[in-house]
Amino acid sequence: MTRVTRWTGREAELLRTAMRKKQKEFAELVGVNPRQVPRWKRRGESIELELDNQTALDTLLAQAKPDVQQRFAALLTERAAVEHDERAEELLRKAPSTRRHPVDEKVMALVEEGIHLSGPDNRSVWLEPFLIDVYPTANEDYARFVLATRHRPPQHWPEGRCPVTLATHPTVWVTWHDATAYARWAGKALPTALQWEKAARGPRGRVSP
């Protein structure tokens, strides 16, 4: 079952939609004034609900029928995917050094050539320009690779299928060999230690947050 760690107006509205309830009906189920529900919808993620309301929504979700829980999970993932795409598109507009990869469509950033100070002794190393993914490989990215190549899926995917609720989460339970196979399929290569180190540093040589 999908779990919500922090209920905001956004999650409450998605649950109401998944339950296919009118605002007044949903308010009665949660135990709040009917005027609260449209206020939650209007405020969205800018409002974090009171603890008693969060508890009521936890209970409502836990007691919901499986089809309601599945719809809620799908709505959550769909919204997360839209937000991810919006962030990616904004980054592509603002940063001319970024681009979409033609195979897995992930946003990549160009790290320019130059001298890199490596290790505790700041040894000078020259690195050629390279591209690196801006965001981690999500389960939905990895699922396309698994489907295309019949590579073994991560062990926590039920029946070898990517769970809807984890679609936008970073891929875990994969080995170096799995990651290498994904990179080869996408026409990429895993970054070297020096490339990873340089990419993680900001323009002034400090590690980026």
*Asks:* Are V174 and L166 co-members of a hydrophobic cluster defined by side-chain heavy atoms under 4.5 Å apart?
*Replies:*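 Cluster IDs for L166 and V174 differ.
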*Asks:* I'd like to know if the side chain of E28 reaches the main chain of E25, judged simply by a donor and an acceptor atom lying under 3.5 Å from each other, with no hydrogens or angles considered.
*Replies:* no
*Asks:* Has the side chain of E13 got a donor or acceptor atom that lies under 3.5 Å from a matching backbone atom of G44?
*Replies:*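 Here the side-chain-to-backbone pair does not exist.
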*Asks:* Could you tell me which non-hydrogen atom of F145 sits nearest to which non-hydrogen atom of A181, and how far apart they are?
*Replies:*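 Minimum heavy-atom contact is CE1-O, 3.6 Å.
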*Asks:* If the condition is side-chain hydrogen bond (donor to acceptor under 3.5 Å, both in side chains), which residues does E159 pass it with, not counting sequence neighbours?
*Replies:*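 Counting only residues at least two positions away or on another chain, E159 forms no side-chain hydrogen bond (donor to acceptor under 3.5 Å, both in side chains).
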*Asks:* Quick one: list whatever passes side-chain hydrogen bond (donor to acceptor under 3.5 Å, both in side chains) with T175, sequence neighbours left out.
*Replies:* D178
*Asks:* Report the distance from atom CZ of R35 to atom NZ of K24, rounding to the nearest 0.5 Å.
*Replies:*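 If I round to the nearest 0.5 Å, the distance is 12.5 Å.
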*Asks:* Can you see which heavy atom on A167 is nearest to which on A138, and at what distance?
*Replies:* O-CB, 3.6 Å
*Asks:* Do W196 and L190 make a side-chain contact, defined as non-hydrogen atoms from C-beta onward lying under 4.5 Å apart?
*Replies:* no
*Asks:* Rounded at 0.5 Å granularity, tell me how far CD in E11 sits from CZ in R6.
*Replies:*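 Between E11 CD and R6 CZ, I get 7.0 Å after rounding to 0.5 Å.
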*Asks:* Would you indicate whether W126, at its atom CH2, is surrounded by more than 12 heavy atoms from other residues, nucleotides or ligands within a distance under 6.0 Å?
*Replies:* yes
*Asks:* How long is the span from the NZ atom in K41 to the CD atom in Q36, to the nearest 0.5 Å?
*Replies:*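 Answer rounded to 0.5 Å: 15.5 Å.
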*Asks:* Is the closest side-chain heavy-atom distance between V125 and K198 below 4.5 Å?
*Replies:*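 Side-chain contact under 4.5 Å: no.
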*Asks:* Starting at CD of Q54, measure out to OG1 of T59 and round the result to the nearest 0.5 Å.
*Replies:* 11.5 Å
*Asks:* Looking at E48, I want to see if its CD is surrounded by more than 12 non-hydrogen atoms of other residues, nucleotides or ligands under 6.0 Å.
*Replies:* yes
*Asks:* Can you tell me how far the CD1 atom of I132 sits from the OG1 atom of T98, to the nearest 0.5 Å?
*Replies:* 14.0 Å
*Asks:* Tell me if the NE2 atom of H156 is crowded by more than 12 foreign heavy atoms within 6.0 Å.
*Replies:* yes
*Asks:* CG of L15 to CG of L29: how many Å apart, nearest 0.5 Å?
*Replies:* 9.0 Å
*Asks:* Could you tell me whether R161 atom CZ has more than 12 heavy atoms of other residues or ligands within 6.0 Å of it?
*Replies:* no
*Asks:* Judged by atom type as modelled, is there a donor-acceptor pair below 3.5 Å linking the side chain of N139 to the main-chain atoms of T168?
*Replies:*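 Pair absent, no side-chain N/O of N139 close to backbone of T168.
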*Asks:* Mind checking whether P153 and C162 have side chains closer than 4.5 Å, heavy atoms only?
*Replies:* no
*Asks:* Mind listing the side-chain donor-acceptor pairs of residues 103-121 below 3.5 Å, one per line with the distance, residues two or more places apart or on another chain?
*Replies:*
{"residue": "D104", "atom": "OD1", "partner": "K106", "partner atom": "N", "Å": "3.2"}
{"residue": "D104", "atom": "OD1", "partner": "K188", "partner atom": "NZ", "Å": "3.2"}
{"residue": "D104", "atom": "OD2", "partner": "Y182", "partner atom": "OH", "Å": "2.9"}
{"residue": "D104", "atom": "OD2", "partner": "K188", "partner atom": "NZ", "Å": "2.8"}
{"residue": "K106", "atom": "NZ", "partner": "D133", "partner atom": "OD2", "Å": "2.9"}
{"residue": "K106", "atom": "NZ", "partner": "Y135", "partner atom": "O", "Å": "3.2"}
{"residue": "K106", "atom": "NZ", "partner": "T137", "partner atom": "OG1", "Å": "2.8"}
{"residue": "H116", "atom": "NE2", "partner": "E197", "partner atom": "OE1", "Å": "2.7"}
{"residue": "S118", "atom": "OG", "partner": "E197", "partner atom": "OE1", "Å": "3.1"}

*Asks:* Over all heavy atoms of both residues, which pair between A186 and H101 is shortest? Give the atoms and the distance, please.
*Replies:*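 In terms of heavy atoms, the two residues are closest at O-CE1, 2.5 Å.
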*Asks:* Quick check: does any side chain N or O of E45 sit under 3.5 Å from a backbone N or O of T8, one acting as donor and the other as acceptor?
*Replies:*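 Checking the backbone N and O of T8 against the side chain of E45, no donor-acceptor pair under 3.5 Å is found.
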*Asks:* Donor-acceptor pair, distance only, cut-off 3.5 Å: does the side chain of Q195 make one with the backbone of T192?
*Replies:*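 Here the side-chain-to-backbone pair exists.
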*Asks:* I'd like to know if the side chain of Q23 reaches the main chain of V37, judged simply by a donor and an acceptor atom lying under 3.5 Å from each other, with no hydrogens or angles considered.
*Replies:*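 No, Q23 side chain to V37 backbone: no donor-acceptor pair under 3.5 Å.
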*Asks:* Answer yes or no: is there a side-chain heavy-atom contact under 4.5 Å between W7 and W40?
*Replies:*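 Heavy-atom side-chain distance check fails, nothing below 4.5 Å.
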*Asks:* Are any of the side-chain heavy atoms of P154 and T171 separated by less than 4.5 Å?
*Replies:*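 With C-beta onward as the side chain, the pair touches.
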*Asks:* According to a 4.5 Å side-chain heavy-atom criterion applied to Ile, Leu, Val, Met, Phe, Trp and Tyr, with indirect links allowed, do I47 and F26 form part of one hydrophobic cluster?
*Replies:* yes
*Asks:* So, using side-chain hydrogen bond (donor to acceptor under 3.5 Å, both in side chains) as the criterion, who are the partners of R42 when residues are at least two apart?
*Replies:*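 None.
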*Asks:* How is the hydrophobic cluster of L147 composed, in terms of its other members, when Ile, Leu, Val, Met, Phe, Trp and Tyr link through side-chain heavy atoms under 4.5 Å apart, directly or indirectly?
*Replies:* none
*Asks:* Count I, L, V, M, F, W, Y as connected when their side-chain heavy atoms are under 4.5 Å apart, and connections chain through other members. Are F130 and V134 then in the same cluster?
*Replies:*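 Different clusters: F130 never reaches V134 through Ile, Leu, Val, Met, Phe, Trp or Tyr contacts under 4.5 Å.
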*Asks:* Are R99 and L131 side-chain neighbours, meaning at least one heavy-atom pair lies under 4.5 Å?
*Replies:* yes
*Asks:* Between L127 and L194, is there a side-chain heavy-atom distance shorter than 4.5 Å?
*Replies:*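 In contact.
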*Asks:* Looking only at non-hydrogen atoms, find the nearest pair between P163 and P158 and report the distance.
*Replies:*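 Heavy atoms of P163 and P158 come nearest at CG-CD, 3.6 Å.
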*Asks:* List in chain and number order the residues that pass ring pair (Phe, Tyr, Trp, His ring centres under 6.0 Å) with H169, two or more places apart in sequence or in another chain; answer none if no residue qualifies.
*Replies:*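 H169 satisfies ring pair (Phe, Tyr, Trp, His ring centres under 6.0 Å) with no other residue.
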*Asks:* Flag the pair V146 / Y142 as yes when at least one side-chain heavy-atom distance between them is below 4.5 Å, and no otherwise.
*Replies:* yes
